[in-house]
Amino acid sequence: VGSLNPHGGVGRYPLAPRFTAVCCVCSLSYPDREQLQTVYSEYLHGLVTSPPLDSHPKWGGGAMVKEVASTMVCVYETVKKRYNQDDFSHYLFTPRDLTHWIRNLLNYDLEQADLLTVIAYEGQRSFSDRLVGLDSRTKFDRILFDELIGKLNYEKSEKDKVRYFVSFGGAAGGAKAEGEEGAEGGEEKKEKKKKKKDKDKKSKKVVTNSRLLTSITKDELDVYLKKTLIAYSREYRELDMLLIDETLLWTVRCARILAQPGGSILFTGRTGVGRRNIVSLVGHALRMQIYSLSMTKNYTLKAFKAELKSV
């Protein structure tokens with residue numbers, strides 16, 4: 001019998017004393033700070049010694065790996081102490097969250113984006129998005145950026161910038177690249193394709209997700225989503241939604257999760273706030289098939305399984 005869930009979490013059930021009396025019981029506590037730094041230094045070392053960071057002047061060869069791991073562990077431990085289940089039941093942070101924070105760095109195009117910027121952005125998505133209220137999220141941002149600026153010399157001017165990372169395949173200028181490609185000669189096209197092929201072979205060593213997240217400006221994202229909105233409305237149904245700043249942020253957050261292998265997201269909120277529209281828009285942008293359950297008053301588990309078979 002094995003349980004890897006946190007104490008008090010869903011999936012843990014008490015065992016009868018008669019059962020445990022005839023079994024050997026092994027209990028492992030959480031590792032301390034030094035052990036966490038050792039473990040995650042190894043994670044980060046594999047990241048920075050593989051393409052595209054292996055030849056980076058700052059990160060290549062494993063430089064500053066221990067400092068980065070120490071910074072991320074400090075942020076995690078501070079969050080764990082400050083936000084607990086006395087405030088909200090879902091404030092349960094474990095080393096699993098720290099592992100996800102580091103492993104999710106592989107989902108970004110690190111050749112195009114700065115590593116510290118990606119670490120900050122992914123940290124916000126992994127922790128800040130789970131916090132309730134603007135005040136709590138603002139305090140977390142202060143914790144995160146104080147650590148990055150103090151220990152890793154992160155630029156102060158970068159902390160207040162709103163970041164957008166998407167995997168919409170050429171969203172950051174696909175039309176321009178396509179026009180330029182048409183003007184190139186045949187030999188240049190072949191050379192370009194050859195370089196891209198060689199680059200893809202190298203990147204396969206570390207990439208776990210074919211849809212890498214790349215940085216995009218707000219204006220570029222707004223233009224791309226407007227085109228996607230028009231295309232979706234023509235093919236399926238009219239989406240009555242305004243692309244305000246809050247909608248853009250939730251669209252990017254939704255896209256980040258759904259672009260991951262096996263990614264899943266649960267949107268909760270009142271009717272009419274735009275949850276379904278955002279998922280529909282993101283699904284269409286990621287070229288995913290969208291399926292809605294035929295919910296009725298007498299909907300049962302048997303009906304759910306029957307619908308799953310038809311998908």
Side-chain angles (χ1 to χ4, degrees), residues 90 104 107-109 121-122 124-126 128-132 134 137 162-179 181-182 209-311:
H90 71 279
N104 285 344
N107 295 327
Y108 293 81
D109 185 358
Y121 181 82
E122 183 59 35
Q124 289 175 310
R125 302 289 74 78
S126 299
S128 180
D129 288 354
R130 294 169 59 183
L131 302 179
V132 177
L134 179 61
R137 291 193 288 270
V162 179
R163 303 286 179 181
Y164 299 96
F165 284 88
V166 298
S167 56
F168 295 147
K176 180 180 178 181
E178 187 178 350
E181 185 180 358
N209 178 10
S210 59
R211 291 170 172 160
L212 289 178
L213 296 165
T214 56
S215 180
I216 185 174
T217 66
K218 178 184 175 182
D219 292 338
E220 290 171 338
L221 178 62
D222 187 64
V223 170
Y224 185 83
L225 289 181
K226 283 180 179 177
K227 292 180 179 179
T228 306
L229 191 62
I230 294 172
Y232 182 88
S233 300
R234 287 175 179 172
E235 293 185 33
Y236 301 100
R237 62 184 178 87
E238 188 74 23
L239 288 180
D240 185 17
M241 61 186 297
L242 298 175
L243 297 178
I244 58 177
D245 291 348
E246 188 176 2
T247 305
L248 294 179
L249 287 173
W250 279 110
T251 300
V252 169
R253 292 170 184 173
C254 179
R256 165 186 164 271
I257 296 174
L258 294 184
Q260 298 176 8
S264 59
I265 185 171
L266 175 64
F267 270 143
T268 60
R270 297 176 181 175
T271 303
V273 297
R275 294 166 298 164
R276 182 182 177 186
N277 287 346
I278 288 176
V279 173
S280 300
L281 185 63
V282 171
H284 188 70
L286 294 175
R287 295 177 175 82
M288 292 180 171
Q289 184 177 1
I290 301 172
Y291 187 86
S292 299
L293 299 177
S294 303
M295 302 294 290
T296 60
K297 185 178 180 180
N298 299 320
Y299 196 81
T300 61
L301 181 60
K302 184 178 180 180
F304 174 68
K305 291 181 178 179
E307 287 202 85
L308 284 183
K309 293 180 180 179
S310 63
V311 175

Would a distance-only check, ignoring hydrogens and angles, find a side-chain to backbone donor-acceptor pair under 3.5 Å from [X] to [Y]?
| X | Y | result |
| --- | --- | --- |
| H284 | T228 | no |
| T247 | L242 | yes |
| E235 | Y232 | no |

How long is the straight-line distance from [atom2] of [Y] back to [atom1] of [X], given to the nearest 0.5 Å?
| X | Y | atom1 | atom2 | result |
| --- | --- | --- | --- | --- |
| I290 | S280 | CD1 | OG | 4.5 Å |
| I278 | T251 | CD1 | OG1 | 4.5 Å |
| W250 | I265 | CH2 | CD1 | 7.0 Å |
| L213 | R125 | CG | CZ | 11.5 Å |
| L243 | L281 | CG | CG | 7.0 Å |
| L221 | K226 | CG | NZ | 11.0 Å |

Determine whether more than 12 heavy atoms belonging to other residues, nucleotides or ligands lie under 6.0 Å from atom CZ of R276.
-> no
Inspect the surroundings of CZ in R237 and state if more than 12 heavy atoms from other residues, nucleotides or ligands are less than 6.0 Å away.
-> yes
Not counting sequence neighbours, which residues clear side-chain contact (heavy atoms from CB on, under 4.5 Å) with L134? List them please.
-> R137, T138
Could you list the donor-acceptor pairs under 3.5 angstrom formed between side-chain atoms of residues 297-306 and any protein atom two or more places apart in sequence or on another chain?
| unit_1 | atom_1 | unit_2 | atom_2 | d |
| --- | --- | --- | --- | --- |
| Y299 | OH | E307 | OE2 | 2.6 |
| T300 | OG1 | A303 | N | 3.4 |

Using salt bridge (charged side-chain N to carboxylate O under 4.0 Å, His left out) as the criterion, list what pairs up with R275, not counting sequence neighbours.
-> none
Please work out whether the ring planes of Y121 and F165 are parallel, tilted or perpendicular, with thresholds of 30° and 60°.
-> tilted
